[in-house]
Participant: 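Once you've had a glance at the structure underneath, I'll fire off some questions.
Everything quoted here is computed from the prediction, not taken from an experiment. Order of listing sets the numbers, starting from 1, for every ligand and every atom in it.
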Amino acid sequence: MNRTVIEKWADTVTPFYYYDLDLLRQTVETAKKEADRRGYILHYATKANANPKLLKIIFAAGFGTDCVSGNEILRSLECGADPGQITFAGVGKTDAEINIGLDNGIFTFNCESIPEMENINRLAEAKGKTADVSIRINPDVDAKTHEYISTGKKENKFGISAWDFDKVIAKLKVLKNLNLISLHFHVGSQITDMSVFAEVCLRVNSFNQWFKEQGFDLAHINVGGGLGIDYQTPDRNPIPDFAAYFAVFEQNLKLYPGQKLHFEPGRSIVAQCGSLISRVLYVKEGKTKDFVIVDAGMSDLIRPALYHAHHHIENLSSDGAEKIYDVVGPICESSDCFDKDVPLPETKRGDFIALRSAGAYGEVMASQYNLRLIPDSVF
Ligand code: LLP
């Protein structure tokens, strides 16, 4: 962010989300190019950021979408998503949401339980339709990430475990309005250890083989999202290494002839293009340390409070000598702290502070706690 951009913000109400759309375009192009050359299909995980301006760029580049609610399906369609490329996941799809999927002819419902399969079958039958479905498998893999964003262990609520497969197959024989087309996996988010994905591949291979032996010729395998980004030094790695990520699957996954491989990246596409911009309200001198109190809080960006997540913090206005501060928000909770012991140039009231890498799970998770306004977005 250079000084001319910052001067333009003089009259802009803070806090706001700032998006670098050039970086988004470059990221989208890189991911798409690396996927295309391997014949892989990308469904952007809309939950990471559903801002229409971003969605339009992502869908215009030819991404499908992965949705977890009826409203995400509708938003994606409004922003140009191809209904035939929509996957619909989530353990608790309502009847109204399933009907949105059926009415729009989405690519597949990722089923997370047998009762859900029965319900989709009932609703499809009522419409005289057959729903293409995937089984979301819980592969019992440790994603080695924060426990709140780890989803593929047997104790997690997600997916169907191997011991239920016989029941699933018996059900599929009687549920005449379901058509099984794919196996789906997603073990967690912000995964930076590529060996986790290699382990997922080995599990996928054995499940894929098992379903083939039971007589299912599945056209698709979907390995979900999860690729992590560099929160520590975002300027060093603005675009994740998609080539290295896809190479893990190329090397470890055994697809049957004609089987297509699908991914659902969210964070890796949008995190680095977004920053939460706030102004310093006060600098408060404490006994042992000084506090920089900014006008953004955990209602605007909850990741540090919820997951102890690190977001790189920059003072965009000052060139002063370095000091150490705790950077905190105005909300009445001690967890409303963006980071402790942050080295910043000497900071004063009115300075612009950027919380970097906030494009994913930032704006979408904002709340009105303390009756605060949802932050605006600036491009
Ligand atoms: N597919 C499924 C089925 C998912 O549940 C998720 C994310 C994704 C794809 C996209 O994963 P990604 O590529 O973004 O890692 N709020 C948390 C992250 C929650 C992720 C939920 N599922 C955070 O701020 O870190």
Participant: Counting only heavy atoms closer than 4.0 Å, does ligand 1 sit against the backbone of R303, its side chain, both, or neither?
Facilitator: side chain

Participant: With no hydrogens and no angle check, is any side-chain donor or acceptor of N315 less than 3.5 Å from a backbone partner on T347?
Facilitator: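 Judged by distance alone, no pair lies under 3.5 Å.
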
Participant: Nearest 0.5 angstrom please: I6 CD1 to I277 CD1, how far?
Facilitator: 8.0 Å

Participant: With backbone taken as N, CA, C and O and side chain as the heavy atoms from C-beta onward, which portion of P265 lies under 4.0 Å from ligand 1: side chain, backbone, both, or neither?
Facilitator: backbone

Participant: For ligand 1, which atoms have a heavy atom of R267 less than 4.0 angstrom away?
Facilitator: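 Here the atoms of ligand 1 in question are 12 (P), 13 (O), 14 (O), 18 (C), 23 (C), 25 (O).
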
Participant: Among residues two or more places apart or on two chains, list those pairs meeting salt bridge (charged side-chain N to carboxylate O under 4.0 Å, His left out) that have a residue in residues 211-234.
Facilitator: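 Listed by first then second residue: K212-D217.
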
Participant: Show me which atoms of ligand 1 lie under 4.0 Å from any heavy atom of G225.
Facilitator: 9 (C), 13 (O)

Participant: How are the rings of F197 and Y245 set to each other: parallel, tilted or perpendicular (split at 30° and 60°)?
Facilitator: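 Perpendicular: the ring planes of F197 and Y245 meet at over 60°.
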
Participant: Is the closest basic N to carboxylate O distance between E29 and K33 below 4.0 Å?
Facilitator: no

Participant: Which ligand 1 atoms, with their elements, are less than 4.0 angstrom from a heavy-atom of M365?
Facilitator: 16 (N)

Participant: Do side-chain atoms of D351 reach the backbone of K348 as a donor and acceptor pair under 3.5 angstrom?
Facilitator: yes

Participant: How does H186 reach ligand 1, if at all, at less than 4.0 Å between non-hydrogen atoms: by side chain, backbone, both, or neither?
Facilitator: side chain

Participant: Can you tell which part of H146 has a heavy atom less than 4.0 Å from ligand 1: side chain, backbone, both or neither?
Facilitator: neither

Participant: Among E112, H43, E264, which residue places a heavy atom closest to atom 3 (C) of ligand 1?
Facilitator: E264

Participant: Check for me whether G226 has a heavy atom closer than 4.0 Å to any atom of ligand 1.
Facilitator: yes

Participant: About how many Å separate CG of L227 and CG of D241, when rounded to the nearest 0.5 Å?
Facilitator: 8.5 Å

Participant: Check ligand 1 against G266 and write out every atom of the ligand that is under 4.0 Å from a heavy-atom position of the residue.
Facilitator: 12 (P), 13 (O), 14 (O)

Participant: Give the contacting part of Y307 toward ligand 1: side chain, backbone, both or neither, where contact means a heavy-atom distance below 4.0 Å.
Facilitator: side chain

Participant: Which of the atoms of ligand 1 are close to D66, meaning less than 4.0 Å from one of its heavy atoms?
Facilitator: 1 (N), 2 (C), 9 (C)

